[in-house]
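Okay, so here's the structure we're looking at.
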Amino acid sequence: MARHGKDWFRLDNAAKIYPSITSTRVSTVFRISATLYEKVEPNILQEALDNIIERFPYYKVNLKRGIFWYYFDYTTKKPLITKETFYPCMFMFFKRRNRFPFRVLYYNKRISIEISHIITDGTGATTFLKSLLVEYFRMIGFKVEKTEDIFTADEQIATEEMEDAFHKHYKKDIHNPARSKKALHFPFKLNKKGKYNIITGIISSKEILAASKKYHVTLTQFLLAIYFDSIQEFMKIYDLKRIRPVVINVPVNLRKIYPSKTMRNFFISITPQIDFRLGEYSFEEILKLVQNYMEYMTNKKYLNQYIHRNVKNEKAVLLRLVPLAIKNIFMPIIYNRFGERNYTSSISNLGKITMPEPIDKRIERFEFYPPPSKGNVIKIGLTSYNDKVYISFGSLTENTEIEKLFFRKIRGMGIAVKIETNRE
């Protein structure tokens with residue numbers, strides 16, 4: 001790595017499967033964007049990227065093929081910004097020579113980072129975008145106070161930022177968690193390749209938080225319960241109750257539970273589930289189930305099992321000795337068998353994003369779009385900024401019944417929702 005005397009490094013534990021499964025239908029690419037109150041100046045944005053990317057050498061890399069695994073190779077080349085012209089989160093040719101595992105896009109007043117999970121998760125990408133924005137505004141003429149979650153081009157890089165935190169917090173003598181069983185999948189026809197639909201609901205933070213506090217639950221738990229209830233209603237309409245349980249994939253940022261400064265992937269997906277074949281659940285029952293499940297599953301002792309399982313699988317001698325060419329054939333099958341076939345959908349909350357003064361007043365909003373995947377044709381990404389919550393459905397189907405049911409339930413609680421979409 002340029003400023004650490006190291007020019008290459010291994011993919012982290014969570015990232016290892018992604019290069020083998022990526023395709024036009026499973027891009028592994030998610031987006032975090034900031035919409036400004038003024039039009040973006042491309043020349044300044046490019047210069048800001050040139051400056052700040054040196055602070056993120058672990059992202060300034062190309063993906064390379066090894067004999068047994070992919071690895072990252074540091075490059076002296078600089079990433080170029082691009083004017084946005086296609087659907088969000090599309091397939092990225094990062095396996096090709098001199099291609100970065102991310103792209104920086106601009107369009108009118110919006111700056112977006114689209115980045116593959118092979119290199120980082122939502123926390124790492126958010127820090128990257130926030131740091132780029134601060135550098136951009138600094139070059140325009142704004143002086144910004146340094147904060148812990150914003151990196152500047154002139155500061156020292158901490159070695160911990162590059163660590164594989166899964167290996168650091170791996171414990172040997174723990175049994176694996178129980179395997180999930182196949183879940184209900186939405187019976188929707190896929191879009192043509194290259195088309196990713198987004199529907200974003202914009203809601204007052206004050207109103208939605210007041211509603212969640214009324215039930216004594218967190219915002220994530222509240223929205224997760226609404227999502228389960230929406231799917232229950234959809235199943236009732238189409239008589240799908242006798243098929244399979246509904247399982248929602250919920251990524252958990254492990255940095256809030258384990259001490260780590262890593263800027264690579266460090267999350268575990270937990271899977272709250274409800275079997276609606278057992279009968280109809282009231283919203284209050286769903287809320288209670290979700291709350292209990294989330295509190296139980298985010299316990300450190302429970303999460304240790306998932307870290308153990310994932311690292312143990314990587315350490316398996318047989319898997320390590322299988323050539324990469326063979327891994328590329330079987331990894332997608334394994335991913336489908338033990339991954340997305342066991343989920344109905346996903347909901348990922350990046351939480352509240354803050355920016356320092358005075359540039360916080362120059363930014364209207366932040367949005368988060370989840371990575372598209374044919375295994376889970378509908379996903380939710382949400383974040384909040386200032387006084388608004390932005391709930392974005394990413395979809396690989398033209399059907400919008402799930403989104404309609406979800407936002408109708410929120411409106412039915414007396415909470416106003418403004419809808420925006422890229423659909424034609």
**Asked** Does the Thr22 side chain pair with the main chain of Pro19, one donor and one acceptor, at a distance under 3.5 Å?
**Response** no
**Complete:** One should read off an interatomic distance between Gln46 CD and Leu80 CG, to the nearest 0.5 angstrom, of 5.0 Å
**Request:** Identify the heavy atoms of Phe222 and Ala211 that sit nearest to each other, and give their distance.
**Result:** CZ-CB, 3.7 Å
**Request:** Return the orientation label for the Phe93 and Phe91 ring planes: parallel under 30°, perpendicular over 60°, tilted otherwise.
**Result:** perpendicular
**Request:** Give, for atom CD of Glu314 and atom CG of Asp12, the distance between the pair rounded to the nearest 0.5 Å.
**Result:** 8.5 Å
**NZ (Lys409) with more than 12 external heavy atoms under 6.0 Å** = yes
**Asked** Quick one: do Glu148 and Lys261 make a salt bridge, cutoff under 4.0 Å?
**Response** no
**Item:** Backbone N/O of Phe266 and side chain of Asp121: donor-acceptor pair under 3.5 Å
**Value:** yes
**Request:** Go through the steps for Ile270 and Met294 under the test side chain to side chain contact (heavy atoms under 4.5 Å, CB included), then give the verdict.
**Result:** CA-CA 8 Å; Ile270 61 174; Met294 292 288 285; 3.7 Å; yes
**Message:** Please evaluate residues Asn328 and Ser20 with respect to the criterion side-chain hydrogen bond (donor to acceptor under 3.5 Å, both in side chains), reporting the C-alpha separation (whole Å), side-chain torsions for both, the decisive distance (0.1 Å), and the verdict.
**Reply:** CA-CA 5 Å; Asn328 284 337; Ser20 298; 2.6 Å; yes
**Item:** Glu398 and Lys189 ion-paired at < 4.0 Å
**Value:** no
**Item:** Shortest non-hydrogen contact between Pro272 and Leu224, atoms and distance
**Value:** CG-CD2, 3.7 Å
**Message:** Taking atom CZ as the centre, does Phe68 end up with more than 12 heavy-atom neighbours from other residues, nucleotides or ligands that are less than 6.0 angstrom away?
**Reply:** yes
**Asked** Is there a side-chain contact between Ile115 and Phe30, using heavy atoms and a 4.5 Å cut-off?
**Response** yes
**Prompt:** To the nearest 0.5 Å, how far apart are CZ in Phe166 and NE2 in His308?
**Reply:** 15.0 Å
**Closest heavy-atom pair and its distance - Ile174, Gln305** = CG2-CG, 3.7 Å
**Message:** For Arg138, is there an ion pair with Glu135 - N to carboxylate O distance below 4.0 angstrom?
**Reply:** yes
**Request:** Please step through side chain to side chain contact (heavy atoms under 4.5 Å, CB included) for the pair Phe9 and Val61, ending with a clear verdict.
**Result:** CA-CA 10 Å; Phe9 64 96; Val61 294; 3.9 Å; yes
**Request:** Go through the steps for Leu129 and Phe366 under the test side chain to side chain contact (heavy atoms under 4.5 Å, CB included), then give the verdict.
**Result:** CA-CA 10 Å; Leu129 176 58; Phe366 282 86; 3.9 Å; yes
**Prompt:** Of the non-hydrogen atoms in Glu163 and Arg264, which two are nearest, and what is the gap between them?
**Reply:** O-CD, 3.8 Å
**Message:** Given 3.5 Å as the limit, does a donor-acceptor pair link the side chain of Thr218 with the main chain of Gln221, or not?
**Reply:** yes
**Asked** Under 3.5 Å, side chain of Lys379 to main-chain N/O of Pro372, donor-acceptor pair present?
**Response** no
**Message:** One thing to verify: whether Glu340 and Lys374 come together as a salt bridge, which I'm taking to mean a side-chain N less than 4.0 angstrom from a carboxylate O.
**Reply:** no
**Request:** Look only at the side chain of Asn422 and the backbone of Ile198, and say whether a donor-acceptor pair between them is shorter than 3.5 Å.
**Result:** yes
**Complete:** Here the gap from Tyr18 atom OH to Ser116 atom OG, rounded to the nearest 0.5 Å, amounts to 8.5 Å
**Message:** Please check this pair: side chain of Tyr136 against backbone of Glu41, looking for a donor-acceptor N/O pair closer than 3.5 Å.
**Reply:** yes
**Asked** OG1 of Thr123 to CG of Asn253: how many Å apart, nearest 0.5 Å?
**Response** 3.5 Å
**Request:** Could you tell me whether Asp164 and Arg10 have a side-chain N and a carboxylate O separated by less than 4.0 Å?
**Result:** no
**Request:** Report the C-alpha distance between Arg31 and Glu114 in whole Å, list the side-chain angles of each, state the deciding distance to 0.1 Å, and finish with yes or no for salt bridge (Lys or Arg N to Asp or Glu O under 4.0 Å).
**Result:** CA-CA 4 Å; Arg31 171 190 286 198; Glu114 294 193 341; 2.8 Å; yes
**Request:** Could you tell me how the ring of His117 sits relative to the ring of Phe267: parallel (under 30°), tilted (30 to 60°) or perpendicular (over 60°)?
**Result:** tilted
**Message:** I'd like to know if the side chain of Lys16 and the backbone of Leu11 have a donor-acceptor N/O pair within less than 3.5 Å.
**Reply:** yes
**Prompt:** Between Arg255 and Asn265, what is the shortest heavy-atom contact and its length?
**Reply:** NH2-C, 4.4 Å
**Asked** Under 3.5 Å, side chain of Lys193 to main-chain N/O of Arg25, donor-acceptor pair present?
**Response** no
**Message:** Would you say the rings of Tyr58 and Phe151 are close, in the sense that their centroids are separated by under 6.0 Å?
**Reply:** no
**Message:** Checking Ser346 against Asn376: is there a side-chain donor and acceptor pair closer than 3.5 Å?
**Reply:** no
**Asked** Any donor-acceptor pair under 3.5 Å linking the side chain of Thr344 with the backbone of Leu184?
**Response** yes
**Fill in**
For Gly351 and Thr383, the nearest pair of non-hydrogen atoms, with its separation, is O-OG1, 2.7 Å
**Asked** Does the side chain of Phe186 come within less than 4.5 Å of Ser345's, by heavy atoms?
**Response** yes
**Prompt:** Between Tyr385 and Glu367, does a side-chain hydrogen bond (donor to acceptor under 3.5 Å, both in side chains) hold up when you go through it step by step?
**Reply:** CA-CA 9 Å; Tyr385 184 69; Glu367 292 172 84; over 6 Å; no
**Complete:** Taken to the nearest 0.5 Å, the spacing of Asn13 CG from Arg309 CZ works out to 10.0 Å
Only distances under 3.5 Å count here; give the side-chain donor-acceptor pairs of residues 386-396 to other protein atoms, sequence neighbours excluded, each with its distance to 0.1 Å.
unit_1 : atom_1 : unit_2 : atom_2 : d
Ser392 : OG     : Thr200 : OG1    : 2.8
Ser395 : OG     : Thr397 : N      : 3.1
Ser395 : OG     : Thr397 : O      : 3.0

**Request:** Examine distances only and state if a side-chain atom of Arg423 and a backbone atom of Ile199 form a donor-acceptor pair shorter than 3.5 Å.
**Result:** no
**Message:** Centroid separation under 6.0 Å, is that true for the rings of Phe137 and Phe142?
**Reply:** yes
